[in-house]
Protein chains: 2
Amino acid sequence: MATDQLSVVFGALADPTRRAILARLADGPATVNALAEPFDMTLPAISKHLKVLERAGLISRGREKQWRPCRLEAEPLRAATEWMSRYREFWESSFDKLDVHLRGLMKGTEQ
Amino acid sequence: MATDQLSVVFGALADPTRRAILARLADGPATVNALAEPFDMTLPAISKHLKVLERAGLISRGREKQWRPCRLEAEPLRAATEWMSRYREFWESSFDKLDVHLRGLMKGTEQ
DNA sequence: GAGTTAGTTTACCGATCAGCTAATTAACTG
DNA sequence: CAGTTAATTAGCTGATCGGTAAACTAACTC
């Protein structure tokens, strides 16, 4: 996968297990075992998913005794949302959609 | 990659070439060759990227003489944005961030 | 029909991904 | 210290990804 920030974030979100982990963390920090519990998957697999999320900046990890609690870091989602917001006008209404389309045509013909 | 709609959309966005193609299509429909022009990449490579975008529902393709014009279909971005909006409160302000964190702790201790 | 333009398909390649098992590290507990 | 709990690392596998070159299809043009 590409290594630019946006690609890494979108890539991290492109997996239902990882999205579910983020959803769980929205309720507060959790240990790796707690995060793994709902999934029919080994702990190393979860550990890898967490590493992907960490690389994307979507979680951070602490140290507390023998636990490494994970916490949600939503900041990268701001950049991702901002990128998508550029296209908002295209889905907000069919009117906008037509409007944008016509503007595109006008630009193409230099009028 | 997982085959659920959200994963396919996020996966399609996790590549700078594909995001650039979408940006180009925001200015209006374009042929495959026109889309390929800015990239130092062969046509089959672009063709594959377009297939990924099409599978995600982010573009549609027509037929006009010997051309297959691509057009932006931003609707899937609505669902993606909606999914992310759940986390908006986590990045909007540090106050909200603290607030949400405290709510999480309270939930954890059953108070 | 021959040639050209637009694009896709096929087959291949090396790299990365998502999962597993087994082994290892780190910290607590008796 | 021995044992347990929490989590990571290492090494393997099969599948997918992103790219290529070569061959092919489809439609237009002379």
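Chain A is the first sequence line, chain B the second, and so forth, proteins listed ahead of strands; every chain is numbered from 1.
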Looking only at D:dT9, D:dG18, C:dG7, the nucleotide nearest the B:Arg18 side chain is D:dG18
Nucleotide nearest A:Lys65 when distance is taken to its side chain, options D:dA7, C:dC28, D:dA27: C:dC28
Please report the distance, rounded to the nearest Å, between CD1 in A:Ile59 and C1' in D:dT8. 14 Å
Between D:dA6 (P) and A:Ile46 (CD1): distance, integer Å: 15 Å
Roughly how many Å is it from CZ in A:Arg61 to C1' in D:dT8, rounded to a whole number? 9 Å
Which whole-number value in Å describes the distance from B:His49 NE2 to C:dG7 C1'? 16 Å
DNA chain D: 5'-proximal contact among B:Ala14 and A:Ala34 (nearest heavy atom): A:Ala34
Among D:dG19, D:dA7, C:dG7, the one nearest any side-chain atom of B:Lys48 is D:dG19
Taking the side chain as every heavy atom from C-beta outward, state whether B:Leu22 and A:Trp83 have any atom pair closer than 4.5 Å. yes
Shortest non-hydrogen pair, B:Ala74 vs A:Trp91, comes out as O-CE3, 3.6 Å
Between B:Ser47 and A:Asp15, who's closer to the 5' end of DNA chain C by nearest nucleotide? B:Ser47
Student check: side-chain heavy atoms of A:Arg19 and B:Ser7 closer than 4.5 Å: yes
Is the backbone N or O of A:Arg78 less than 3.5 Å from a side-chain atom of B:Tyr87, with the two atoms forming a donor-acceptor pair by type? no
Would you mind classifying the nucleic acid contact of B:Ala45 as base, sugar-phosphate or nothing, using non-hydrogen atoms under 4.0 angstrom? base
Write down the distance between CG (B:Asn33) and C1' (D:dA27), rounded to a whole number of angstrom. 14 Å
So with a 6.0 Å cut-off around CD of A:Glu82, is the heavy-atom count from everything else above 12? yes
Provide, to the nearest angstrom, the distance between the CZ atom belonging to B:Arg63 and the P atom belonging to D:dT25. 14 Å
Nearest to side-chain heavy atoms of B:Thr31, which nucleotide of C:dT8, C:dG7, D:dA27: C:dG7
Choosing from D:dC28, D:dA7, C:dC20, which nucleotide comes nearest the side chain of B:Gln66? D:dC28
Could you state the atom-to-atom distance from CG of A:Leu43 to C1' of D:dT9 in whole Å? 12 Å
Among D:dT9, C:dG19, C:dT8, which nucleotide has an atom closest to any side-chain atom of A:Lys51? D:dT9
Could you give the CE-to-P distance, from A:Met1 to D:dC17, as a whole number of Å? 11 Å
